There are 2 protein chains.
Amino acid sequence: MTASYRPLSRKDIRRENEKLILEAAEKVFAEAGFGGATMQLIADMAGLPKANLHYYFPTKESLYRQVVQAIFLDWLKAADIFDAAPGPVEGLGAYIDAKMEISRRHPAGSKVWASEVMHRAPVIQDYLETTLMEWTEGRMDVIRRWIAEGKMDPVDPRHLLYMLWATTQHYADFGHQIETLNGGRPMSDAQWVAAKESVKSIILKGIGARPSPDG
Amino acid sequence: MTASYRPLSRKDIRRENEKLILEAAEKVFAEAGFGGATMQLIADMAGLPKANLHYYFPTKESLYRQVVQAIFLDWLKAADIFDAAPGPVEGLGAYIDAKMEISRRHPAGSKVWASEVMHRAPVIQDYLETTLMEWTEGRMDVIRRWIAEGKMDPVDPRHLLYMLWATTQHYADFGHQIETLNGGRPMSDAQWVAAKESVKSIILKGIGARPSPDG
DNA sequence: GTCTATATATCGATAGAC
DNA sequence: GTCTATCGATATATAGAC
């Protein structure tokens, strides 16, 4: 493999350092909360002097805001699968799988979001009122359509969505409790498979989801 | 009504002030997290000078620990209903009702617990490893017995418990998000009834719970 | 048991040399 | 773009008069 040794441009340096800082910040904010996190700890974890953080992100809050925004966008993307599906078995099943996988691979992000919402969303309230509201209304329409088409029981679509969010995110947000109850060991691959199957099985049966005719 | 005007003893004063402080602390810790909470804010909310907090609770952490302990004991008590029930319809139904009612009446406590667990339980890890572990094992045994008796499908009892916790506590921990998606209005009485019914209906049907013969 | 004043530590943020 | 030194604000915690 031949690599080009073009020196890093200012833009490259900026992008790389911002990435380092954002990754470290997500972990620290998840572990300690906004108030408990310190710029010093984030700097240490990113391997940079504290002053450099303020060079790239003017304030602690602006850094935090970018962390939360990134998480929110990831979640919205993971839900595209919802609309294209022919029915609840495929749509909700794939959505549960996708959200469980985020909880497994990206637990810190889920925790930062949970903490932000628990504290009454001081930084991203505007996202709740606009993007999340519109997304939720759209997905409730999809569920209502499935109900009208006889593909599932007439459940309240709002509380079904809450149950999906709660159940899948629980494996990230309460991962430490789950690990403790698992004898102090992280969930194994097989246990994650069992968790996904349990969640999908109970919820899909609970809403009377019927497989699509051409499934 | 005749009241006895015995002057308050030192013990009475202590009990009353500790109660004032603990109630204020629970709210402040829930709203701001441990790191974001300040002794000054707790003192203001309790109507006492800040120095008095340190008279009753030597450190911020000792005050926080008592808040978390109180919540944990409340939750354990709310689950007594589990064992006496003849089957999952009565037992899990009543447990869901009880936990939803706690989420409604006592949301701050649920948030403090969630925050503590999300931050890897720095203060109450011993409770997770002893009391919660034993409680969980006992309740899984109950569920296994119901399965053996043919009263419900052979679901994984551990993931069923996680689903119960996640779904019910979501209405407290993410109450702000739910309120925002409800047009900025808190859930009405009727909406709480609908939420409880949705959760019970989906989960009980999802695990194939069959009513007891003499129910 | 109460309260004002203050000690001590630490945080976010910045100045300024390199 | 980097880094040391430091400012100013604010936090926990305590001392000591009442």
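In what follows, chains are A, B, ... by sequence order, proteins preceding strands, each numbered from 1. Remember, predicted model here, so these are calculated numbers, not experimental data.
Each of B:Arg10, B:Arg15, B:Arg14 was scored for a side chain to side chain donor-acceptor pair (under 3.5 Å) with B:Asp12, with one residue passing: B:Arg15.
Below 30°, between 30° and 60°, or above 60°: for A:Tyr171 and A:Trp192 the angle between ring planes is between 30° and 60°, a tilted geometry. Ring geometry for A:Phe72 against A:Tyr127 counts as perpendicular: the plane angle is over 60°, on a 0 to 90° scale with 30° as the lower cut. A tilted orientation is assigned to the rings of A:Trp165 and A:Tyr162, their planes being inclined by 30° to 60°. By the 30° and 60° cut-offs, the orientation of the rings of A:Phe82 relative to A:Trp146 is parallel.
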Under 4.0 Å protein heavy-atom contacts per nucleotide of nucleotides 2-14 of chain D, with B for base, S for backbone only and - for none: BBB------SBBB
Got a list of protein N/O to nucleotides 16-18 of chain C N/O distances below 3.5 Å?
none

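Here the C1' atom of nucleotide D:dG1 and the CG atom of A:Asp12 are 14 Å apart, to the nearest Å.
Under the rule for a salt bridge (charged side-chain N to carboxylate O under 4.0 Å, His left out), the partners of A:Lys200 that lie at least two apart in sequence or sit in another chain are A:Asp97, A:Glu197.
With rounding to the nearest 0.5 angstrom, the CD1 atom of B:Ile178 is 11.0 Å from the CG atom of A:Leu161.
Listed for the B:Arg65 side chain is no donor-acceptor partner under 3.5 Å among the backbone atoms of B:Glu61.
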